[in-house]
Protein chains: 2
Amino acid sequence: MSSSHESATPDTPAVRTRRNSGRAVLGDVARLAGVSTATVSRVYNEPDRVSPGVRERVLQAATTLNWIPNAAGRALASTRTHIAGAIIPTLDDQVFASQVAGMQAVFASRGITLFLGCSNYDPAQALTQVQAMLARGVEVIAIVGEAHPPELFDALRQTRVPYVITYAYREGSPHHCIGFDNRAAYVEIAEHLIELGHRSFAAVIQPARDNDRVQARVTGIREALARHGIAVRPSHMHEGPATIAFGRESLRAIWQGSDKRPTAIICGNDQLAIGVLLEAAELGIKVPQQLSVTGFDDVAIAQQIHPSLTTVRVDTAEIGRRAAQYLLDVLDGKNNTESGVVQPVLMARESTASVPLSG
Amino acid sequence: MSSSHESATPDTPAVRTRRNSGRAVLGDVARLAGVSTATVSRVYNEPDRVSPGVRERVLQAATTLNWIPNAAGRALASTRTHIAGAIIPTLDDQVFASQVAGMQAVFASRGITLFLGCSNYDPAQALTQVQAMLARGVEVIAIVGEAHPPELFDALRQTRVPYVITYAYREGSPHHCIGFDNRAAYVEIAEHLIELGHRSFAAVIQPARDNDRVQARVTGIREALARHGIAVRPSHMHEGPATIAFGRESLRAIWQGSDKRPTAIICGNDQLAIGVLLEAAELGIKVPQQLSVTGFDDVAIAQQIHPSLTTVRVDTAEIGRRAAQYLLDVLDGKNNTESGVVQPVLMARESTASVPLSG
DNA sequence: TTGTAAGCGTTATCAC
DNA sequence: GTGATAACGCTTACAA
């Protein structure tokens, strides 16, 4: 039936097979409202440029038909997708989850939806995710950390999609960053302990491979200690999964090892530190009298546990909000000159104290 | 040169202004490979139906031009977006974060990307998110819980977008659910305590408003206790934010109140229970000798804290995976008859024990 | 203020 | 196995 365009026989458009299973389209709304498709479009995109009466009629028709504008059609015609992308290592870490929540809130207020991708700390997956997002037409993209394959940044450059590095901030980075200086944060932790008189340290950290933030933290520890002629013994350097369990086993190994026991343990995050704290209780090690312990993140339990944990608070939701705002500004052609630094705050609590007199 | 069809003056297609800022399109690839656009399309969608030589040539051209297929164009032409939507209350809760991670993994393996929306436990926001997702053309959608505005389900029905309710499972629900029976889970907790001889209970739970899961939990507690002629005193029923701090203050209030002290406290989740545990330590209340405590979720610290926490483990990542699989099956027209139940497991640990002899 | 009509980048339907 | 070409649903000059 329905011959394509010049059929003499009147075709029946209302009954014509719809690929989209009967969903109303803009044209249907236009017909019902008795206006052109352009007018319907205007009602939604430049409502001021259409007279109130017509506007009302169109809105009415749209409601009647339950019309929902099709984003793909919109994107194609306007070359704007109103989609942003965010790539994080994992959702299983509170710091990234809340960063995403912060971004989402800001983007949502501007009608932009967020595509989320997890790299699982794997550079190859990060690259894949970025490519998928570019194919999806994300207008901007936020990526945690800057340790990524060059192809990833090549792709971003070629497509000219504005991006921002989150969570990490490094002077001299070629990228726009929003976050904090992980190295400096750990320098501060180490110095806090040195000021308390500590001279013998252990470190329990999460896997550093492919993770610029963790590498920076370790560097911070080493640098701060080196200034005082101190180094962490290899047997006192434990790298493993960022879990309570690994924190526990690390302390046990450190305490029962043959080397001189440290008076302070710097942990890569609060999970590890809490593990150390719990194991210390079990081994009868008094914190902070015999041993000082520090964490990072300031998770909820850090200030509730006994002894409360000295740690560093970072407002990761704020990182997310700022990152989103920066990207929105780029889209708007505004020149966002705001610094990308979200300052971490050392929360000195009960788990750190002056070094015990008897080394 | 190739005048399109009737233009006398030769146009210069290579230089024509591109709205998309110089990104290569399928047509460019076709031209460079010396084939038609249809063939390029086939290379990516039905590679078997194109000869190896041509295929190679097209792939080569695409690489040269750094061509990335445009998802909007694809969606428009194929009426498939390869996008799924997920709506969760918040990312700030591990159980939902890992559910999303599980879904994402399954969807990604099928080339489907996930749009994520957070309702912040607000029905109105949930509705907005659903509408936004439908506009984005999600092919399927997963929503936590079934306590949502009717308009939400109306929209789903009208657009015929397959959906699934996650985290909650209820016999007789009009929706397909993947999760567990929150009521039954709390009946089990209560019965565990009753078997241990407890007859005097307190409950510390998160806000129940607009939250069918929490309401079901409370119902479970009440039903199980009622079977034994027991009810929770109003002064022993504390509802508030799901935080360690609220857990602490609840125990303090319960313990210092004028009513007879309970021998067991059932908490709405592990955060609250850990708060109770920590406050008990501070108040010198012996757990479980004087007081039994239960949580829910089995967060990492639950089995590490002392005394270790009796709680319920739910594999939320599995809920996410199963939900995604179900939705994929619907898309494939398969009849997924798998039960939607992901069985919770009671983890009886040190924080619960027989009721103290002296009531 | 409103309408006409030409795209936007892809896929699908036919012919060949 | 390939190639024309008409959709897909919307926006946007340009015209009226």
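It should be emphasised that the depicted structure is a prediction, and the values quoted were computed from it without experimental measurement. Letters A, B, ... are given to chains in the order of the sequence lines, protein chains preceding strands, and every chain is numbered from 1.
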A/T113 and B/R136: side-chain donor and acceptor closer than 3.5 Å? yes
How does DNA chain D look in dot-bracket notation if pairs are Watson-Crick or G-U with both distances under 3.5 Å, crossing ones as [ ], other-strand ones as |? ||||||||||||||||
B/F96: what forms a ring-ring contact (aromatic ring centres under 6.0 Å, His included) with it, not counting sequence neighbours? B/Y167
Filter on ring-ring contact (aromatic ring centres under 6.0 Å, His included), then keep only pairs touching residues 26-81 of chain A, sequence neighbours left out; what's left? A/Y44-A/W67
Selected nucleotide, minimal atom distance to A/T37 side chain, candidates C/dT10, C/dA5, D/dG9: C/dA5
Does any N or O in the side chain of B/T79 come within less than 3.5 Å of the main-chain N or O of B/A75, such that one atom is a donor and the other an acceptor? no
I need the residues from residues 38-51 of chain A with at least one non-hydrogen atom less than 4.0 Å from DNA chain C; give them sorted by number, or say none. A/A38, A/T39, A/R42, A/R49, A/V50, A/S51
With the threshold set at 4.0 Å, does a side-chain nitrogen-carboxylate oxygen contact exist between B/R322 and B/D329? no
What ring-ring contact (aromatic ring centres under 6.0 Å, His included) pairs are there with at least one residue in residues 131-157 of chain A, not counting sequence neighbours? A/F153-A/Y163, A/F153-A/H175
Are A/S36 and C/dG3 close enough that a side-chain N or O sits under 4.0 Å from OP1 or OP2? yes
Options D/dT11, C/dT11, C/dG9, nucleotide nearest the side-chain atoms of B/S78: C/dT11
Polar side chain donor-acceptor pair, B/S173 to B/E146, under 3.5 angstrom: yes
Nearest-nucleotide pick for A/V35, side chain only, options being C/dG3, D/dT11, C/dG9: C/dG3
Check A/D48 with A/R42, please: is the shortest side-chain N to carboxylate O separation under 4.0 Å? no
Within residues 131-139 of chain A, residues whose heavy atoms come under 4.0 Å of DNA chain D: none
